[in-house]
Amino acid sequence: MTNDTAPQKSVGERLIIALPYLWLVAFFLVPFVIVGKISLSQTVIAQPPYTPVLDLSAGLGGLIDFFGALSADTYATLAGDDLYLFSYLKSLQVAGLSTAILLAIGLPIAHAMARAPARLQPFLVVAVMLPFWTSFLIRIYAWMTILQRDGLLNQVLQGLGLVDEPASWLSTDTAVLIGIVYSYLPFMVLPLYASLHKLDESLLEAAADLGCPRWKAFWLVTVPLIAPGIGAGCLLCLIPIIGEFVIPDLLGGSDTMMIGQTLWTEFFANKDWPVASAIAVVLLMLLVVPIAAWEALQSRQIREGR
Amino acid sequence: MRRLSRFNLVSLALGLAFLYVPILILVVYSFNGSRLVTVWGGFSTRWYAALLEDLPLQEAALTSLGIAFVSASAATVLGTLAALTLTRLGRFRGRLPFAAMVYAPLVMPEVITGLSLLLLFVAVGFERGVVTVTIAHTTLTLCFVAVVVQSRLASFDRSLEEAAMDLGCPPLKTFLTVTLPVIAPAIAAGFLLAFSLSLDDIVIASFTTGPGATTLPIRIYSEVRLGVKPEINAVCTIFIAVTAVVVILASLISRRTERPAAG
Amino acid sequence: MRRAFVPRDDLDKPMVRFDAVTRRFADVTAVDQLSLDIREGEFFALLGPSGCGKTTLLRMLAGFERPDEGRLLLAGQDIAAVPPWRRPVNMMFQSYALFPHLSVAGNIAFGLKQERMPRREIKARLAEMLRLVRLEGLNKRKPHQLSGGQRQRVALARALAKHPKVLLLDEPLAALDKKLREETQYELMALQDRLDTTFVIVTHDQEEAMTMAHRIGVMNHGRLAQVGTPAEIYEQPCSRWVAGFIGDVNFFDGTVDAAGVDGVVVADTAGRRFRAAGTAGIQAGTKVALAVRPEKILLTTAAPDAAAMPVNTVAGKVADIGYLGDLSLYKVRLDDGTVVKASVTNARRFAASDIGWDDTVWLSFAPDAAVVLTE
């Protein structure tokens, strides 16, 4: 039984709340405001490389000057150049496709884990988690070794006589998809396993008893019940993949860049901070709805986790 | 005892093979005598020996370990407080935005988090270097700690705390003598997670670092961009060995201490 | 039945006093203007269906809930503002709430360490408690290495170790299987006799309450429906609800036809007339219900001799027979369709086979077997 009238918080309780709260406001929330502000600035060759710079010492007049100098030029640049649009579309396409592949691969694995003998299950969870604990960079690097022109994959294919010429795997969209699926697989499998693990097996027995074949019971009973887990797993992969940088940078080609790469290039190569910020703002707008949906699923799962 | 159907067995075997074969190949080729990474030139440990000579790499590794330790420690404290706030302190004004801020960094693309933190540091005129990377990593990883600890607290039997108070233990002491020991494995897991995430990060570190502060992943990344090198295989193998040992030890310890009380 | 309880404390100074206490949660009133005295050395049971407020009452006594209105006195002192860790009462939790990271000894000594008892005394008290609950030799075990019954005894020892003024037990036997539960009931009674501590137990199991308690408070919707000894509550329920909640009962609804010194005559809705004894102060014309327990009804295959005794007799046909081994429960349908339950002890083997379905039988009960209920 809980008391639903919020009682006055003690000093200690206020401190517990205040510390992480202030930290996140300072280092998570405020930075977004700054990104928004800089996306409305203009590029200059200076340090920092944008104008206007808010000068608080100039008082109210300075504030008015500051707001007067803000402009939506960068967004006009984004809208005017197909490069950015293609970049966003490419990201969505890669993320959508890889999430679908992840679900198709992850579901059978998670299902098999949940069906394994109870004694074995903790070890299987560790086995799936373990690659995630080794560096993400290492895992991408491993695929570079395999996929390069004189790499293992081509050696095997040639050895089997399947191809005559070594095919170029690296610097293709296929390589990017493989890298993403490989890196994100644990993030798909574990939420799926968590919901499958909680599923009461007698429900499937009841379905079988009522004359429902196994494959049909999977669609009619299992899938609806683990839908929140499927949703959580897909969003947990989809959202970060849209903004992925390292994997397409190392495994992908140079024809069309994903939006994370575009942002990186604008920032580091072109030193165009306002455009980089505008890219980030638009990306964030795109992601607000999926992030909110994921948060709702996440807090629901934690509440039910008791 | 249940038996796995053939379909389940095959998906499990293929799944684990997919996860482990690339890593195994990497490890095997780190002992390759040939400079050509993909041509087997006999067993050799020469690339490990080469690492001993590579001082910048060692320096980067030390920088990374330092950042990981400090940021993981700070994130463990802040993340545990955040988890307590979300599970224990009931309603307060601003709880919803707080929860949103705790969960969002988990899925937020790193380029956005990195860029925004960099712009913050520039805006307030904070010199970039080890400190800024540490702050950035603390911010990111505290959220992971919070989620891990929160899910443990959510399944925590509140009557344990009531029993302690009933036996004469005031609230703060109850937290220290009962709650903390019981959730300690989750806090330790949170620390390890934060440590490994910090050690692993390239994107956020690239944005927030400054001259003179190169982390190990940034260093490896700049080498890897230029192509595959056997020395990198050796570094990766050491890294994999260390994490494997730590994770396996940690899961053994937590299994020993966190066995369910119900029988 | 258990030995009668002789109160030692002054009647005006009970060990526990709830004085018009109210506790509300959101839109539910869990405890509603409740007043109750519990005496020193008493074994008191709070009995009621789930959600009746009995656990809230116990948690108020422990200090986990504060009354919204009214006063709560412990040994004459208002304890409403005293936090749980300063109250001389201890609780045994339904889940036992044993600290998983501490050994049996660590759990039992936990409360003693909080009051900074010298180490030597803790050791002595620990040994005393282990002996009391027969757990000698298990003091180094962790809770997960114990059986359910052992865990229950550790929880009991831990709550008793501080020698509380009142021991609170929240469904203490709910997690045990039936056989162990019955054994433990008698152990708890013997323990309470020996220690002379006030026990307050919350339970939804009426047999448990009847077996163990000196007095029972039957709760419903946040109020006390009746407080009394187990026999009072069973034999003289004060309302239709209490009569129906405790044990099995037949009701005949009707109106008081004639009231005299030695009893009343009740005419029920089907025109049957019954005599009931010991009902002073009920006026003729009052609407009442006549409650008769199945075991107080005599079932015969021939009409009883009405001239011999002024008994209440009705005839009917057997509609259903439940054979329970020690007794058989007969459901008899009267002419107007009313079904009356009567139980017969199977004193002889295979005696029950005399009566079959649709046989005509006579049911009779003495005037003092019936309780007249006005509410």
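Quick note on labels: first sequence line is chain A, next is B, and so on, each numbered from 1. Note that the coordinates shown come from a computational prediction; the quantities given were computed from them, not determined experimentally.
With a threshold of 4.5 angstrom between heavy atoms, Val102(B) approaches chain A through its backbone and through its side chain. Only the side chain of Leu250(A) comes within less than 4.5 Å of a heavy atom of chain B; its backbone N, CA, C and O stay farther away. Looking at Phe245(A), only its side chain comes within 4.5 Å of chain B, counting heavy atoms on both sides. Using a 4.5 Å cut-off between heavy atoms, Ile23(B) contacts chain A through both its backbone and its side chain. Only the side chain of Ile25(B) comes within contact range of chain A, with heavy atoms under 4.5 Å apart. Interface remark: Leu137(A) contributes backbone and side-chain atoms alike to the contact with chain B (heavy atom separation under 4.5 Å). Contacts between Leu192(B) and chain A at a heavy-atom distance below 4.5 Å involve backbone atoms as well as side-chain atoms. In this structure, chain A has heavy atoms under 4.5 Å from both the backbone and the side chain of Ser206(B). For Phe156(B), no part lies near chain A; criterion is any non-hydrogen pair under 4.5 Å. Of the atoms belonging to Leu142(B), it is side-chain heavy atoms, and not backbone ones, that fall under 4.5 Å from chain A. Proximity to chain B (any heavy atom under 4.5 Å) is restricted, for Phe267(A), to the side chain, taken from C-beta onward. Only the side chain of Leu26(B) has a heavy atom closer than 4.5 Å to any heavy atom of chain A. Contact of Leu172(B) with chain A is not made at all, since no heavy-atom distance falls under 4.5 Å. Contacts of Phe187(A) with chain B are absent, with no heavy-atom separation under 4.5 Å from either backbone or side chain. The parts of Thr139(B) that come within reach of chain A are both its backbone and its side chain, each placing non-hydrogen atoms under 4.5 angstrom from that chain. For a residue to count as touching a neighbouring chain, one of its non-hydrogen atoms must lie under 4.5 Å from one of that chain's; by this rule Leu14(B) does not touch chain A.
In terms of heavy atoms, Val111(B) sits closest to Gly243(A) at CG2-O, 3.6 Å. Closest approach of Ala127(A) and Leu16(B) over heavy atoms only: CB-CD2, 4.1 Å.
With Tyr141(A) contributing its side chain and Cys236(B) its backbone, the two residues share no donor-acceptor pair below 3.5 Å.
Between chain B and the options Gly36(A), Ala26(A), Pro131(A), Gly12(A), heavy-atom pairs under 4.5 Å are most frequent for Pro131(A).
Here the straight-line distance linking atom CD1 of Ile138(A) with atom CG of Asn233(B) works out to 10.0 Å at 0.5 Å rounding. Atoms CZ and CD1, on Arg139(A) and Ile240(B) in that order, are 10.0 Å from each other to the nearest 0.5 Å.
The aromatic rings of Tyr21(A) and Phe98(B) lie parallel to each other, their planes meeting at an angle below 30°, with 60° marking the opposite boundary.
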